[in-house]
S.K.: 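Just dropping this structure here.
Scope of the values below: all heavy atoms of this structure, side chains included, with no hydrogens, waters or symmetry mates.
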Amino acid sequence: MAHDRRRLSTAIAAALGGLVVLAPLIDLGIVPVAFAATGEDYRMSVDDLTGENFQLYPTSGTGAVAVLDNATAARVCQSRRVGPVVWRATAGGAGHRVRISNLVLDAEQLSGADVTLTDAETSALRPVEPTRGLFGMSAAGVRISHYAQTGAATNTGWMSMPGTEVRTGVGVPEC
């Protein structure tokens with residue numbers, strides 16, 4: 001039993017040590033990270049999201065998929081509730097934008113208070129999930145203010161997350 005505790009303590013210490021070394025490098029954007037989150041009640045919010053090659057279309061379920069290349073974002077928040085415990089990660093802000101490549105947002109609910117599209121059209125979509133008979137839109141560029149999603153998944157090719165803060169616990173607010 002004591003041997004198992006020592007092993008667990010060693011594993012936790014190694015993980016925390018790695019986080020202490022990597023966190024400043026991620027914060028400075030020197031070490032980009034790949035991000036993927038899935039699950040029920042997953043939430044994400046962004047104060048200001050801009051990107052190139054925007055695509056938006058409904059999925060075969062009840063949600064939508066949005067795809068962006070070379071996106072940047074201000075004040076990104078990602079959270080997941082498991083019972084009373086919330087895991088929450090935030091990044092960006094104070095003039096330091098999060099940089100993202102190949103952003104795919106698969107959501108049950110998407111909202112954006114203000115959306116500006118550049119060179120928008122309703123054809124020439126590159127499907128992530130093929131859907132027959134459904135419509136969508138594409139644009140050369142997009143800017144979305146006060147974006148929020150609840151739903152299925154968020155995936156990136158990589159993310160540079162300056163100002164990263166991660167909190168877990170009971171009473172931690174969701175995004």
Side-chain angles (χ1 to χ4, degrees), residues 26-27 29 31-82 86-93 96-168 172-175:
I26 292 169
D27 183 46
V31 176
V33 295
F35 176 76
T38 61
E40 294 178 32
D41 299 323
Y42 170 76
R43 296 180 185 203
M44 179 177 175
S45 64
V46 180
D47 283 356
D48 182 53
L49 177 66
T50 60
E52 301 170 350
N53 300 321
F54 174 72
Q55 311 248 346
L56 177 67
Y57 50 92
T59 62
S60 56
T62 59
V65 170
V67 180
L68 289 142
D69 293 337
N70 304 318
T72 65
R75 288 182 287 282
V76 175
C77 179
Q78 304 149 354
S79 67
R80 171 83 163 94
R81 175 178 293 279
V82 179
V86 172
W87 173 88
R88 176 183 165 136
T90 57
H96 300 285
R97 293 180 70 85
V98 173
R99 293 178 298 146
I100 310 161
S101 75
N102 304 319
L103 176 61
V104 179
L105 304 166
D106 184 357
E108 295 169 7
Q109 179 180 348
L110 298 169
S111 65
D114 300 307
V115 178
T116 303
L117 300 172
T118 306
D119 297 327
E121 59 181 88
T122 57
S123 63
L125 296 177
R126 64 168 193 238
V128 173
E129 179 182 318
T131 53
R132 293 181 188 247
L134 298 176
F135 65 95
M137 71 168 55
S138 66
V142 66
R143 181 174 191 162
I144 305 171
S145 299
H146 311 295
Y147 170 85
Q149 87 168 40
T150 301
T154 299
N155 296 289
T156 67
W158 61 264
M159 286 179 80
S160 172
M161 299 172 50
T164 299
E165 179 183 325
V166 178
R167 294 179 58 199
T168 302
V172 173
E174 291 185 83
C175 299

S.K.: About how many Å separate CG of Leu68 and OG1 of Thr50, when rounded to the nearest 0.5 Å?
M.R.: 8.5 Å
S.K.: Please give me the minimum heavy-atom distance between Val46 and Ala74, naming the atom from each residue.
M.R.: CG1-O, 3.6 Å
S.K.: Run the side chain to side chain contact (heavy atoms under 4.5 Å, CB included) test on Thr164 and Thr90 for me, step by step, so that the C-alpha distance in whole Å, both residues' side-chain angles and the decisive distance to 0.1 Å come before the verdict.
M.R.: CA-CA 6 Å; Thr164 299; Thr90 57; over 6 Å; no
S.K.: To the nearest 0.5 Å, what is the distance between OG1 (Thr72) and CD (Glu52)?
M.R.: 9.5 Å
S.K.: Within this structure, what is the CG-CG distance for the pair Leu103 and Asp69, rounded to the nearest 0.5 Å?
M.R.: 9.5 Å
S.K.: Taking only residues two or more places apart in sequence, or in another chain, which ones meet Ser45 in a side-chain hydrogen bond (donor to acceptor under 3.5 Å, both in side chains)?
M.R.: none
S.K.: For Val115, give me all partners under side chain to side chain contact (heavy atoms under 4.5 Å, CB included), at least two apart in sequence or on another chain.
M.R.: Leu117, Val142, Ile144
S.K.: Could you tell me which residues satisfy side-chain hydrogen bond (donor to acceptor under 3.5 Å, both in side chains) with Ser101, sequence neighbours excluded, listed by chain and number?
M.R.: Trp158
S.K.: With salt bridge (charged side-chain N to carboxylate O under 4.0 Å, His left out) as the rule and sequence neighbours excluded, what pairs involving residues 136-161 come up?
M.R.: Asp48-Arg143
S.K.: Can you name the nearest heavy-atom pair linking Tyr42 to Gln149, along with the distance?
M.R.: CE2-NE2, 3.6 Å
S.K.: If you compare all heavy atoms of Val86 against all heavy atoms of Pro173, which two are closest, and at what distance to 0.1 Å?
M.R.: CG1-O, 4.1 Å
S.K.: Where is the tightest heavy-atom contact between Arg88 and Cys175, given as atom of each residue plus distance?
M.R.: NH1-N, 4.3 Å
S.K.: Measuring only between side-chain heavy atoms, which start at C-beta, is Val98 closer than 4.5 Å to Met159?
M.R.: yes
S.K.: To the closest 0.5 Å, what do you measure between CG (Leu49) and CZ (Arg97)?
M.R.: 8.0 Å
S.K.: Quick one: salt bridge (charged side-chain N to carboxylate O under 4.0 Å, His left out) partners of Arg75, sequence neighbours excluded?
M.R.: Asp47
S.K.: Considering residues at least two apart in sequence or located in another chain, which fulfil the side chain to side chain contact (heavy atoms under 4.5 Å, CB included) criterion with Val82?
M.R.: Arg80
S.K.: Would Val65 and Val104 satisfy side chain to side chain contact (heavy atoms under 4.5 Å, CB included), going step by step from the backbone distance to the final call?
M.R.: CA-CA 7 Å; Val65 170; Val104 179; 4.1 Å; yes
S.K.: Closest heavy-atom contact between Ala139 and Thr118?
M.R.: CB-O, 3.4 Å
S.K.: Dump the intermediate steps for side chain to side chain contact (heavy atoms under 4.5 Å, CB included) on Val166 and Trp87, then the final yes or no.
M.R.: CA-CA 7 Å; Val166 178; Trp87 173 88; 3.5 Å; yes
